[in-house]
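Order of the sequence lines sets the chain letters (A, B, ...), proteins ahead of strands, with each chain counted from 1.
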2 protein chains.
Amino acid sequence: MKRNSRLSVALHVLLHMAEQADKALTSEVLASWAATNPVVIRRTFAGLRDAGIVGSTKGHGGGWTLLKPLDAVTLADIQAALDEPLLALGKAEESPGCLVEQAVNAALDDAVAQARRLLDERLSKITLADLAAQIGPRRVVLAAAGCKDPHHES
Amino acid sequence: MKRNSRLSVALHVLLHMAEQADKALTSEVLASWAATNPVVIRRTFAGLRDAGIVGSTKGHGGGWTLLKPLDAVTLADIQAALDEPLLALGKAEESPGCLVEQAVNAALDDAVAQARRLLDERLSKITLADLAAQIGPRRVVLAAAGCKDPHHES
DNA sequence: TTTCATGTAATTATATATGTTACGTGATGG
DNA sequence: CCATCACGTAACATATATAATTACATGAAA
């Protein structure tokens, strides 16, 4: 992996959890789905837990469970829970003495804030249920062709 | 510096160039404005040159010149010329075998593409002339207070 | 009380962006 | 024509950010 992919990972794992509903699933199982490390899952999901999207229990038979129905969780909820940067635009200097740079920073701050609002607005209209609905067709097509779900053979 | 600040640097330098109009300015001068290295300027401005926003000449008296009037260059033009990532959202895997992850990637690609369009739309409505107009007032205010333009004392 | 699973700190690895050095190319002035 | 200047670029070094890993503590269940 290379870039900020926490949202991608979270969505992937959450949808798999939905298929195994109700069972508490360990970080290790979740990590195998995302081809990553259990600790990465715990870190990523810590925000989701704080946001009430998932719950975790310790000890025997413990693990992670989805606490909300799929249509009650939007991508914006998840994004917010993960507290990601989202936009890659940075500034050369945060508090410049130069008047020109001050004006540049102000203009960029403005545009970035607006872009963030617009993206958030878009993400808030997509629920996990919407994504799940897009998986169904793919699975059916492949199943008809006699394929198994090719999950992480690596 | 830390993050993707090429747009910030480019805007800062371009506006300073506008104040010294017509004279060819060396990478070294431009770099001193941005508190960076001449080579960084050359790299950053290579895209702007290809886009016809600035020109460069070699040899004695050579350097960089603005080729377009300030109101003919939008932030979207500059952004496009620099070819920056813009959005920080990445994917865990680019071409996953997993159907769930395929659906996640598709949805994210969609949302990101839309956000990019929206941000670009916003940036295309701001010209360098708009930014320059925002500098004037600040400078006047400070001059009245007896301050010099405090440029990069560090 | 042993085992299992999360919680979290600390460390290492890797990727990206930026800073720097070095050298090539073309243009200008003597 | 040749020394100088300035861009063009490759190669290398450094800094920061994200992810992967290790280690250990805490709490719950058998």
Side-chain angles (χ1 to χ4, degrees), chain A residues 1-10 12-13 17 23-50 53-67 82-94 154, chain B residues 1-10 12-13 17 23-50 53-67 82-94 154:
Chain A
M1 285 187 207
K2 34 190 171 180
R3 231 193 168 105
N4 210 331
S5 56
R6 293 212 290 275
L7 178 58
S8 167
V9 168
H12 181 188
V13 171
M17 287 176 71
K23 287 197 299 187
L25 299 160
T26 69
S27 302
E28 197 163 359
V29 171
L30 272 52
S32 75
W33 287 337
T36 184
N37 193 288
V39 177
V40 173
I41 295 292
R42 295 194 193 112
R43 270 202 300 249
T44 303
F45 272 51
L48 300 177
R49 174 166 37 74
D50 295 343
I53 297 171
V54 298
S56 63
T57 57
K58 294 181 175 181
H60 277 278
W64 300 88
T65 48
L66 253 174
L67 294 183
L82 295 177
D83 195 33
E84 274 188 293
L86 198 62
L87 286 169
L89 286 184
K91 287 178 270 190
E93 225 177 324
E94 206 60 39
S154 57
Chain B
M1 285 189 207
K2 33 190 172 181
R3 230 193 170 107
N4 210 333
S5 56
R6 292 211 291 276
L7 179 58
S8 166
V9 168
H12 182 188
V13 172
M17 286 176 71
K23 286 197 299 187
L25 300 160
T26 68
S27 301
E28 197 164 358
V29 172
L30 271 53
S32 75
W33 287 339
T36 183
N37 193 289
V39 178
V40 173
I41 295 293
R42 295 193 193 112
R43 271 204 297 246
T44 303
F45 272 51
L48 300 178
R49 173 166 37 74
D50 295 344
I53 296 171
V54 299
S56 63
T57 57
K58 293 182 175 181
H60 276 280
W64 301 89
T65 48
L66 253 174
L67 294 183
L82 295 177
D83 195 31
E84 274 187 293
L86 198 61
L87 289 168
L89 287 184
K91 287 177 269 190
E93 224 178 325
E94 206 58 40
S154 59

Which residue lies more 5' along DNA chain C, comparing Gly59(A) with Ala46(A) via nearest heavy atoms:
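Closest to the 5' end, via its nearest nucleotide, is Gly59(A).
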Tell me whether the OP1 or OP2 atom of [N] has a side-chain N or O from [X] closer than 4.0 Å.
| X | N | result |
| --- | --- | --- |
| Thr36(A) | dA19(D) | no |
| Arg6(B) | dT18(C) | yes |
| Arg42(A) | dG7(C) | no |
| Ser56(B) | dA6(D) | no |
| Thr26(B) | dA6(D) | no |
| Ser27(A) | dA5(C) | no |

Which residue lies toward the 5' end of DNA chain D, Pro38(A) or Arg49(B), if each is placed at its nearest nucleotide?
Arg49(B)
Measure [atom1]/[X] against [atom2]/[N] and give the value in whole Å, please.
| X | N | atom1 | atom2 | answer |
| --- | --- | --- | --- | --- |
| Glu28(B) | dT20(C) | CD | P | 13 Å |
| Lys58(B) | dG29(C) | NZ | P | 17 Å |
| Leu82(B) | dT18(C) | CG | P | 10 Å |
| Asp50(A) | dG7(C) | CG | C1' | 12 Å |
| Asp83(B) | dA17(C) | CG | C1' | 15 Å |
| Leu7(B) | dT18(C) | CG | C1' | 16 Å |
| His60(A) | dT2(C) | NE2 | C1' | 8 Å |
| Ile41(A) | dA20(D) | CD1 | P | 9 Å |

Give, for atom CG of Leu67(A) and atom CZ of Arg49(A), the distance between the pair rounded to the nearest 0.5 Å.
11.0 Å
Hey, what do you get for OG1 (Thr26(A)) to CH2 (Trp64(A)), rounding to the nearest 0.5 Å?
11.0 Å
Can any side-chain N or O of Ser8(A) pair as donor or acceptor with the backbone N or O of Ala92(B) at less than 3.5 Å?
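Such a contact is found between Ser8(A) side chain and Ala92(B) backbone.
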Does Leu25(A) reach a base, just sugar-phosphate, or nothing at all? Heavy atoms under 4.0 Å.
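It contacts sugar-phosphate atoms only.
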Picking from [options], which would you name as closest to the side chain of [X]?
| X | options | value |
| --- | --- | --- |
| Val39(A) | dT21(D), dA19(D), dG27(D) | dT21(D) |
| Arg43(B) | dC5(D), dA11(D), dT3(C) | dA11(D) |
| Asn37(B) | dG26(C), dG29(C), dG19(C) | dG19(C) |
| Val40(B) | dT8(C), dG7(C), dT20(C) | dT20(C) |

Heavy-atom closest pair (Leu25(A) atom, Trp33(A) atom, distance to 0.1 Å) is CD1-CH2, 3.7 Å
Could you report the tightest heavy-atom contact between Ile41(B) and Ser27(B), atom names first, then the distance?
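Shortest heavy-atom contact: CG1-O, 4.0 Å.
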Hey, are the side chains of Pro38(B) and Arg42(B) touching, using non-hydrogen atoms and a 4.5 Å cut-off?
yes
